[in-house]
2 protein chains.
Amino acid sequence: MDAYKYIKEAIIHGKYEPGMRLGEEYLAKELKLSRTPIREAIKQLESEGLVTPLKRGVSVRHFTREDIQQIYDLRTLLEGYAASQAALHRTDEDIEKMKEANSRYEEAIERYKEADLNSIKEIVNFNQQFHEAIISACNNPHIYFHLSKVVVVPLVFRSFYWYDEFELKRSLEVHKTILSAIQNQDSERARVAMTEHIYQGRDQVLAHLEEIKKIHVLKEDTHD
Amino acid sequence: MDAYKYIKEAIIHGKYEPGMRLGEEYLAKELKLSRTPIREAIKQLESEGLVTPLKRGVSVRHFTREDIQQIYDLRTLLEGYAASQAALHRTDEDIEKMKEANSRYEEAIERYKEADLNSIKEIVNFNQQFHEAIISACNNPHIYFHLSKVVVVPLVFRSFYWYDEFELKRSLEVHKTILSAIQNQDSERARVAMTEHIYQGRDQVLAHLEEIKKIHVLKEDTHD
DNA sequence: CATTGACCTTTTGTATACAAAGCGTTAATT
DNA sequence: AATTAACGCTTTGTATACAAAAGGTCAATG
């Protein structure tokens with residue numbers, strides 16, 4: 001399997017946790033490859049900022065609260081712009097793709113309400129699909145290029161798993177707002193709605209981080 | 001020497017021209033290294049978009065007029081934001097660095113007027129230094145991370161070499177406007193002035209591209 | 001007891017060797 | 001003469017071997 005993809009997925013899915021050292025030998029054994037392709041994969045991940053160089057080798061990057069704030073600021077900027085451009089350039093097929101992603105998203109939320117915990121993965125997927133449809137509609141590969149590196153970070157926290165039904169439904173409503181703004185070629189509205197949408201996402205992730213911190217503090221307390 | 005840096009510089013300085021195939025063996029001989037470190041460098045350049053994959057190997061990426069438009073749009077977005085944040089967060093040292101870069105910039109322009117063609121390199125440098133001072137003042141490493149990859153592209157065209165005295169002086173004036181907006185913590189003004197500054201840069205590059213195109217057409221005409 | 005230095009081990013960096021996949025050229029057949 | 005099949009050459013992909021640097025351990029010394 002492709003070493004780059006494998007390691008990236010492993011980081012996103014939390015198999016390799018933040019701070020964990022990624023030894024070449026170890027990864028080579030894990031992927032049944034020699035160190036050469038492993039090293040190339042690591043170099044790529046390093047230039048994307050997913051792993052951070054140590055004195056020797058690299059470790060999975062740890063993102064602080066401040067990182068999250070700044071990365072989401074970046075994302076509002078880029079994705080807000082993408083939405084505004086999508087409103088100007090969208091084709092009928094683009095709209096179709098967005099509607100499709102949104103319906104699937106809605107269906108997955110319904111299944112989630114029926115206690116189908118597996119549907120969370122689909123929710124994440126269809127959410128991504130909706131956002132990608134917008135980015136692709138704005139017809140600017142460079143925006144896509146940078147956004148794809150920005151978007152990965154919050155995934156590391158898997159905060160979607162903490163969403164409750166209300167939050168998911170609100171998110172769906174905002175999607176619909178964004179979609180209709182894009183359909184009506186109302187670029188400023190699309191930009192603002194998208195920006196707000198992403199800020200809401202940021203709030204969720206930050207709240208999630210607070211929760212985790214509290215749990216850690218509790219654990220620390222029981223240590224002595 | 002570090003293979004990544006070397007190849008990147010060579011691309012920026014035009015030693016390796018757009019479209020040129022970068023064979024591993026060739027680069028290895030050029031840098032007196034084995035193929036292994038060369039391959040790693042290429043992987044990095046690829047993930048930054050400076051080289052583009054072929055069926056076999058890579059070639060120096062060719063940027064179209066559309067690419068330039070989109071990349072500059074991205075840059076206005078990011079660097080405009082950086083300027084606005086710099087206005088909010090700047091320290092006195094930040095302001096000092098900007099003033100310093102600007103004075104040097106002005107001096108270099110003076111030397112350029114006196115027909116010192118070598119000063120162009122310094123002009124490019126001090127211009128970059130000013131922009132970097134702003135990005136660093138906004139205290140957001142992620143912005144810096146992405147901007148550093150965006151900024152490289154226009155350098156490939158070396159359009160600074162085509163600037164005349166008037167354009168350089170106008171650029172200097174805008175720098176001063178941006179600087180004073182940041183000093184006065186007028187974030188919106190800083191953003192707008194920076195955005196306009198970069199749009200002007202874009203116009204120069206695009207005009208430069210037109211010139212090149214004309215010359216090419218003339219050359220083609222003389223071929224038969 | 002702490003600190004430093006020498007040695008040993010582990011891990012990364014580079015080179016080389018070998019495997020596999022593209023590409024071009026040539027020759028054969030229709 | 002054109003098309004295709006096969007061969008060989010070039011170039012990339014992977015593995016392994018070797019060099020160098022970083023880290024850790026243990027003993028000696030203040």
Side-chain angles (χ1 to χ4, degrees), chain A residues 1-63 141 145 148-149 152 156 224, chain B residues 1-63 141 145 148-149 152 156 223:
Chain A
M1 187 193 180
D2 183 39
Y4 167 76
K5 272 193 181 171
Y6 179 90
I7 300 171
K8 187 172 172 178
E9 296 279 302
I11 291 174
I12 290 173
H13 288 57
K15 180 177 179 187
Y16 301 149
E17 290 183 17
M20 174 178 172
R21 189 153 178 290
L22 294 179
E24 298 177 3
E25 206 78 52
Y26 166 77
L27 291 171
K29 230 176 259 174
E30 192 89 352
L31 302 193
K32 284 166 187 152
L33 280 171
S34 75
R35 279 175 48 220
T36 314
I38 299 289
R39 284 177 60 83
E40 285 169 12
I42 288 177
K43 272 277 148 63
Q44 277 183 263
L45 292 165
E46 200 180 325
S47 88
E48 290 181 24
L50 266 184
V51 301
T52 191
L54 259 35
K55 332 90 239 320
R56 193 164 45 152
V58 299
S59 68
V60 178
R61 175 155 180 186
H62 174 78
F63 292 98
F145 179 85
S148 64
K149 281 161 192 177
V152 168
V156 173
D224 43 9
Chain B
M1 186 191 181
D2 184 38
Y4 167 75
K5 272 193 182 172
Y6 179 90
I7 300 171
K8 187 171 174 182
E9 296 278 304
I11 291 174
I12 290 174
H13 288 56
K15 180 176 178 185
Y16 301 151
E17 289 182 17
M20 174 179 172
R21 190 153 176 289
L22 294 180
E24 297 176 3
E25 206 78 52
Y26 166 77
L27 291 171
K29 229 176 263 175
E30 192 90 350
L31 302 194
K32 285 167 186 150
L33 281 170
S34 75
R35 279 175 47 221
T36 313
I38 298 290
R39 284 177 62 82
E40 285 168 12
I42 288 177
K43 272 276 148 62
Q44 278 184 262
L45 292 165
E46 200 179 326
S47 89
E48 291 181 23
L50 266 184
V51 302
T52 192
L54 260 35
K55 331 89 234 324
R56 195 166 41 153
V58 299
S59 67
V60 178
R61 176 154 180 189
H62 175 78
F63 292 98
F145 180 85
S148 65
K149 280 160 192 177
V152 169
V156 174
H223 270 207

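Numbered from 1 within each chain, the chains take letters A, B, ... in sequence-line order.
As a whole-Å value, the separation of B:Ile38 CD1 from D:dT11 P is 15 Å. Counting to the nearest Å, the C1' atom of D:dT10 and the NZ atom of B:Lys29 are 12 Å from each other.
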Side chains of residues 14-21 of chain B: which donor-acceptor partners sit under 3.5 Å, not counting sequence neighbours?
{"unit_1": "B:Lys15", "atom_1": "NZ", "unit_2": "B:Tyr6", "atom_2": "OH", "d": "2.9"}
{"unit_1": "B:Lys15", "atom_1": "NZ", "unit_2": "B:Glu30", "atom_2": "OE2", "d": "2.8"}
{"unit_1": "B:Arg21", "atom_1": "NH2", "unit_2": "B:Arg56", "atom_2": "O", "d": "3.4"}

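B:Arg35 meets the side-chain hydrogen bond (donor to acceptor under 3.5 Å, both in side chains) test with B:Glu24; sequence neighbours excluded. Looking at residues two or more places apart in sequence or on another chain, you find a salt bridge (Lys or Arg N to Asp or Glu O under 4.0 Å) between B:Lys43 and A:Glu40. By the side-chain hydrogen bond (donor to acceptor under 3.5 Å, both in side chains) test, A:Ser59 pairs with no residue at all, sequence neighbours left out. With sequence neighbours excluded, the residues satisfying side-chain hydrogen bond (donor to acceptor under 3.5 Å, both in side chains) with A:Tyr4 are A:Lys8, A:Glu48. Under the rule for a side-chain hydrogen bond (donor to acceptor under 3.5 Å, both in side chains), B:Thr36 has no partner lying at least two apart in sequence or in another chain.
To the nearest 0.5 Å, atom CG of residue A:Leu31 and atom CD1 of residue A:Ile38 are 4.5 Å apart.
By the 6.0 Å and 45° rule, B:Lys149 stacks over the aromatic ring of B:Phe145.
A heavy-atom distance below 4.5 Å is not found between the side chains of A:Leu50 and A:Val60. When side chains are defined from C-beta on, A:Thr52 does not count as touching A:Val58, because their heavy atoms never get closer than 4.5 Å.
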Could you run through nucleotides 10-15 of chain C and give me one letter per nucleotide, 5' to 3': B if any protein heavy atom sits under 4.0 Å from the base, S if only the sugar-phosphate is that close, - if neither? BBBBBB
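Within residues 47-55 of chain B, the residues approached by DNA chain C to less than 4.0 Å at the level of any non-hydrogen atom are B:Lys55, in residue-number order.
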Bracket string, DNA chain C, 5' to 3' - pairs by Watson-Crick or G-U geometry under 3.5 Å, | interstrand: ||||||||||||||||||||||||||||||
